[in-house]
Every structure is written in structure tokens, then in C-alpha cells.
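Below is one structure, written out as C-alpha cells; the observations come after it.
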Amino acid sequence: MGAQPLLTAAVLLMMVAAAAAISVEDAAPDNIQPLSTLNLAAAKVTMDSASAIHASPDVLGKDGEDSAWVTVNFTTPSPSSDHWIGLFSPADFSSGIGSTKVAGQQDALPGLPMAPIKYKFGNCEPDFLSTGSGNTSFLVINQRYDYTFGLFSGGKDNPKLLAVSNKISFANPKAPVFPRLSQGKEWNEMAVTWTSGYNIGEAYPFVEWRIKGEETSKRTPAGTLTFTQSHLCGNPARGQGYRDPGFIHTAFLKDLWPNREYSYQIGHELQDGTVAWGKSSTFRASPFPGQASLQRVVIFGDMGLGAKDGSSELEGFQPGAQVTTDRLIKDLPNYDAVFHIGDLSYANGFLAQWDQFTAQVEPIASKVPYNVASGNHERTFMDTGGFYNGNDSHGECGVPAETYFYVPAPAHRGKFWYAADYGMFHFCVGDTEHDWRPGSEQHAFLDSCFAGADRKHQPWLVFLAHRPLGYSSNDFYEQEGSFSEPMGRTLQPLWQKHRVDLAVYGHVHNYERTCPVYENTCTVKGKDAQSSYSGALGGTIHVVAGTGGAKLRTYAGGAWPQWSVARNESFGYVKLTASDHSTMRFEFIHSDDGAVHDAFNITRDYRDVMACAVDSCAPHTLAN
């Protein structure tokens, strides 16, 4: 073996041996990040000259691609079901590694403990156990550094490094990648966010854009953000799960013409005047608020990371993530905007997963606005100012989500609530990881946001949030005796006062829909009340749609609560459709076959929107 593989092996040993075993806070198996099950602290280097591993091709993305399939050939003389292959990056840890402690971390270890980006077991190759040889393919994305593969024995509990592959890298590791759109603070503004390896001192980030078909284009500069270990709150995000996030850039394309189609391309102007270009794409600008036209919006929560290459045992962690992503890509011509309402990547402190997730949703997010909300797996961490005091983010405390994705928050992205207009729809997006109760800053915002909808022209008022603040007959809410997030229904007076039509949540990994309901009572009754509503609703329809891909959960046993009218334990997403001010179509679509498995229509006039219901009009008015 040459000097370079020995050096890389030694560095991998330092990386592996320094990594601490990860304690899993979440008891539920669907919350255990597979990377956390690798006991890297117990790893040893036992280099075996009879074992070998090789990756090809050496150079990826020669034509500007931001992902590539890599073939890995491996052999060992004593094959077992405990052999596994890990993808590590950077491949050479000689730069940027020292023994400096992260501020506030008492047990810091020398070097930078780093988990693999992904892994596979050797017996994924059917003949490996009988021949000792195999080959498999990994889908590798451009994450700014070079890569190497390690061949291990000993399984997850006692990994032993046997062989290290050659290095592979992208032709331009710093290239701008994975553009993602989101609504700006104004209806006619589109935010374009992407990731690169270029700091502002190396190159100037921009978006070049034009109305599609026109020759004249303009360039809009982008702002640049990043974060470091010191921004994060705990392990594994600060430790073995940390990976340099690169630089995240956001440009704001303003004064867009309603419904016009635009083409755009991300790029960086280098110091010598040349440009490093990213992918080009197109989008359609939002309709004017209140404008009547065909408008279609997709909503779901709790997706996570898929694995086209079958790596990292993600089929057990987020079994529906890839099928939902594939369905949304296939259905792109049939919707105009997305709201992913929390629990985005489920990185759970393994930060390389955020790049993987932005790559996964890029075919969608580069073409339609991909708006997000904050969930417990993005934000919740002990003693960091949130409403909950658990460790669901595993040290992230909101930092990666708030940096990788732009939201038009009125204050800053640490307060993840905002308003968004899309034609006849007015969306108020809440942040259930911060206090929403009366007297809180968020409660005042939601009151103002609901009041900001001109219901003559924006008849469809929708509340979105991660945790179910309204109604859910999930098993753990039954055990708590609340059938909702405890204290969630303190927003009920606001929903009723402002006649909110629909509230959609994630967090619970199943689908459920209520009747129009207020204070546990259905406000519309009758045999047709499950599939069609006309006139005044008198209450809000609550929907749980945490069905984007994370492992599904069961419902409470026994009789259904009287407000629960539809359930479906399948992966899928909600789709809202409106083309005029009088009718809205609601559908729950399965990810696997694209079929509609629950639906209803609301048909009404403006006077029905304004009609008084219980507690919806001021008590001193004659109308009440």
C-alpha cells in the first residue's frame, strides 16, 4: 500500500476513534437517525492487505452536473454480514483540523469527529457472502470537498477499518448547486437560495434572470450566510455530525409580473471576471392577491431524506420520502406552490444530510416556490428559548433550517412565522416551536395575519403549522387526553373570530380530517357533510398531513371522536385548488399511485364568509 492510502487510513482512524457514541433521545424507532447507530467511538484500524476498495470515476461533474453515480468495487477474504462501506468527506482531513475546543464544550476531542455521509452493508451485493467481492453504486452529490470510501468489518457496534479507496472529487467542488425558490416578503417577489463553496471574498454571487422568451436579462446580487460549530447547541450537530455547510446565498427577484414565466440561472463572478454557473431553470410568478385564475397549492409535513441508492438504511427511517419526492416531481405541471410544514430533512444533527435534502427537492424547489415551516426536528433543543425543552433537533436548534431555507419572517428567521399570499389564498404560517398563546408575540402576529386577508378577494384563509394545535386522534394525543397539542386550542378564538377555513398540520405521521369544528362540536352536519360544504362553515376544518415520508403512526383505539370524519394511514400530500372566489377543492393524494383518497369541495358566496357564527362576531353587535 502506498503512502497516500496509509495517510488517509490514519486520518480516518483519528476521525473514527474520536467520534463519541451517540445517545438517542427519541425513544420512538421512527425518530432514530440511522447514522447515530454507528458506534464510531469503538472503531479500530486493522488494515488488511488482502482487502481492497476502489471507486470510479475519479472525477465527477465534468459537464457541470451536481450529482453522479459512483461505482464502488470491494473485496475481502473473510466476508460476513457485518462488513459495510462508508462514504467520507473530506477525504483528507489534514486541513482545518486541530485540538481547539468549541466554545462551551468541555469534552472536546482532538480533531474533527465526523460520521460518514452515508453507508451500505456489503451484503447489498447478492454474491458478496459467497465470493468476498462485490460492487455497488452510490449517488454522490457535490458537497464542496473530495470523498473517499472506507471498507469496515465488525458491523455497527465494533467497526474495524480494513481498506480505504482512492479519492474522488467533482471537477469544481465549489460550484453553485441546488437552487430553491420561496415566496419573498411581497407577493411579486421570489427568493432564490442556493449553496456553494465560494465565500464573498472569492466571487460575487448573483442570479441572472429574464421574462422567458425575451433577450434582455438582468443580474440581481445575492447575500451570503453560513454557520459554524459555535452557532450550534449540542451534539451530534457540534460533534461527529458536524460538517462545514459551505455558503448559502439568497437573491430577491422583485417587481415580477403576475403569472409571467421567468427563466433564471445562478452564478458567481470570479475575481478574474469569469463566471462559475449553476443550473438554469424557470418559474412562474405568483398571481396578484385576489386574482381569479387556476391556483393549486400542495401541503405536507414530515418528509425526510430518501435514498435512490439504497444507502444508510433510510427505508426504515423515512420509508416514504423518496416515493413522495418522485410523485411530486412527476406531478410538477399540476401544482404551483409547495408548503412543507416542518420536519424537513430529519438530519437530527448530521449536517451533511441537509445538502442531501436540498439536492433531493431541487427538481421541485427550483421550479415552484418551496415554502417551509419549522418543526421539532429543526428547532427543539434544551434551554434555547423555544416552547419545548427536548432534544428533537439533536443540537441543531434551528440553525441549519433557518440558513438553508429562506422564509419571509417579519422579524428574522429565528422567529419562523410569516404570511404568504397566493392569488385567492391567504396563508398564515405558525411556528409551533415558539409560544403561540395569548399575550405572546406570535399570537399578536397571527391575529394580524388573519385580519390581513381581504375576504372579498381572498376568500380562502388557511393556517399552517407543524404540531397539531387543533384536532388529532393520534395515539399519543389520546394518552395525553388532549386530542391535540396541549394548549394548542388556545388559538381557537382567533380561528373562529377570523373565520379560518382550513388548518393543516404535520408532526403526526398519518392523515386525518375533521368536520368544520369549534370547541369539539361539528358546526355542519348531515349525510353529505363529509364531502361537500356550502354556505357558512361556522368552524374550521382541521387536517393532519404529516405523511411526507417519515414512518407512519397509528390512531387511538376505540370509537372515532365525532369530529373525525376521514383517516388514511398512507404517504401522501394535500392539494388545494381554486379557480374562482366561490369554490375550493381539497384533495389528499397518495404518493405511490397519485390517486385521490379523500376529497371535499367548499362552495359559497362572500356573504357566507362574513356570516356570524358562534363567537365569530363581536358580542355587542346586533348581528350577533
Side-chain angles (χ1 to χ4, degrees), residues 59-62 64-66 89-103 111-112 114 117 141-147 167 169-182 184 190-209 217-232 237-238 242-254 264-281 351-352 354-356 358-359 362 366 396 398-406 412-414:
V59 180
L60 315 175
K62 291 181 179 179
E65 302 93 340
D66 51 27
S89 176
D92 183 352
F93 291 82
S94 60
S95 62
I97 292 183
S99 58
T100 303
K101 291 185 178 182
V102 177
L112 179 64
M114 178 70 72
I117 289 177
I141 67 167
N142 191 344
Q143 289 183 262
R144 300 169 299 284
Y145 293 100
D146 51 8
Y147 302 84
K167 293 181 182 180
S169 65
F170 278 81
N172 180 8
K174 293 187 174 185
V177 291
F178 315 131
R180 40 206 184 267
L181 304 171
S182 56
M190 191 71 76
V192 184
T193 301
W194 70 96
T195 309
S196 84
Y198 291 114
N199 197 355
I200 192 67
E202 300 175 89
Y204 301 106
F206 66 88
V207 175
E208 186 167 282
W209 57 292
S217 63
K218 63 176 72 175
R219 286 187 179 181
T220 296
T224 298
L225 296 173
T226 190
F227 59 87
T228 66
Q229 282 174 297
S230 63
H231 287 91
L232 301 162
R238 288 171 73 109
Y242 180 77
R243 190 177 191 277
D244 179 1
F247 301 96
I248 295 90
H249 316 278
T250 301
F252 300 96
L253 315 187
K254 299 184 177 184
Y264 73 97
Q265 189 169 15
I266 56 176
H268 291 256
E269 183 180 325
L270 306 179
Q271 296 296 330
D272 62 3
T274 60
V275 174
W277 291 104
K279 283 184 178 179
S280 60
S281 191
L351 302 191
W354 280 101
D355 282 317
Q356 301 282 324
T358 59
E362 183 270 340
S366 63
E396 293 184 13
V399 173
E402 294 161 15
T403 309
Y404 277 102
F405 286 90
Y406 172 80
H412 55 78
R413 283 182 251 179

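Only heavy atoms go into these numbers, but all of them, side chains included; no hydrogens, no water, no symmetry mates. On a predicted model such as this, the values are computed, not experimentally measured, just so you know.
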Exercise. Is Ile141 close to Gln356 at the side-chain level, that is, under 4.5 Å between some pair of heavy atoms?
Worked result: yes

For this session: Apply side-chain hydrogen bond (donor to acceptor under 3.5 Å, both in side chains) to Glu208 and list each qualifying residue two or more places apart in sequence or on a separate chain.
Result: Arg219

Problem set entry | With sequence neighbours excluded, residues passing ring-ring contact (aromatic ring centres under 6.0 Å, His included) with Phe206 | Trp277

Problem set entry | Contacts of type side-chain hydrogen bond (donor to acceptor under 3.5 Å, both in side chains), residue Asp355, not counting sequence neighbours | Gln143, Arg144

Seminar exercise, completed: Applying side-chain hydrogen bond (donor to acceptor under 3.5 Å, both in side chains) to Thr220 and not counting sequence neighbours gives Trp209

Problem set entry | For Phe247, ring-ring contact (aromatic ring centres under 6.0 Å, His included) partners two or more places apart | none

Exercise. Closest approach of Lys167 and Ala91, non-hydrogen atoms and distance?
Worked result: CG-CB, 3.8 Å

Problem set entry | Donor + acceptor pair across side chains of Arg180, Thr250 (<3.5 Å) | no

Problem set entry | For Tyr198, ring-ring contact (aromatic ring centres under 6.0 Å, His included) partners two or more places apart | His268

Exercise. So do the side chains of Thr358 and Tyr404 get within less than 4.5 Å of each other, counting heavy atoms only?
Worked result: yes

Seminar exercise, completed: Residues Ser182 and Met190: closest non-hydrogen pair is O-SD, 3.4 Å

For this session: Go through the structure and list residues passing salt bridge (Lys or Arg N to Asp or Glu O under 4.0 Å) with Asp244, not counting sequence neighbours.
Result: none

Exercise. Can you tell me how far the CD1 atom of Ile117 sits from the CG atom of Leu351, to the nearest 0.5 Å?
Worked result: 11.0 Å

Exercise. Less than 4.5 Å apart, any side-chain heavy atom of Phe170 and any of Tyr147?
Worked result: yes

Exercise. For the residue pair Ser366 and Ser281, what are the closest heavy atoms and their distance?
Worked result: O-OG, 3.1 Å

Exercise. Which residues pass the side chain to side chain contact (heavy atoms under 4.5 Å, CB included) test with Val399, sequence neighbours left out?
Worked result: Phe227, His231, Leu232, Cys397, Thr403

For this session: Looking only at non-hydrogen atoms, find the nearest pair between Tyr264 and Leu181 and report the distance.
Result: OH-CD2, 3.8 Å

Exercise. Who are the side-chain hydrogen bond (donor to acceptor under 3.5 Å, both in side chains) partners of Asp146, not counting sequence neighbours?
Worked result: none

Problem set entry | Minimum heavy-atom distance Pro176-Ser196, with the two atoms named | CA-CB, 3.9 Å

Exercise. Could you give the distance from CG (Asp272) to CG (Leu270), rounded to the nearest 0.5 Å?
Worked result: 5.5 Å

Problem set entry | Separation of Lys279 NZ from Phe178 CZ (nearest 0.5 Å) | 7.5 Å

Problem set entry | Thr226 to Gly246 - nearest heavy-atom pair and separation | OG1-O, 2.6 Å

Seminar exercise, completed: With sequence neighbours left out, the residues meeting ring-ring contact (aromatic ring centres under 6.0 Å, His included) with Tyr406 are Phe252

For this session: Would you confirm whether Gln229, through its side chain, and Tyr242, through its main-chain N or O, come within 3.5 Å as a donor-acceptor pair?
Result: no

For this session: To the nearest 0.5 angstrom, please state how far the CZ atom of Arg243 sits from the OG atom of Ser89.
Result: 4.0 Å

Problem set entry | For Lys174, all residues meeting salt bridge (Lys or Arg N to Asp or Glu O under 4.0 Å), sequence neighbours excluded | Glu202

Exercise. Could you give the distance from CD (Glu396) to CD (Glu402), rounded to the nearest 0.5 Å?
Worked result: 10.5 Å

Exercise. Distance from Ser280 atom OG to Ile266 atom CD1, nearest 0.5 Å?
Worked result: 9.5 Å

For this session: Would you check, one step at a time, whether the test side-chain contact (heavy atoms from CB on, under 4.5 Å) holds for Ile248 with Thr224?
Result: CA-CA 6 Å; Ile248 295 90; Thr224 298; over 6 Å; no

Exercise. So, Arg413 side chain and Phe405 main chain: donor-acceptor pair closer than 3.5 Å or not?
Worked result: yes

Problem set entry | Those residues that, when tested against Ala222, pass side chain to side chain contact (heavy atoms under 4.5 Å, CB included) (two or more places apart) | Trp194, Pro205, His249, Ala251

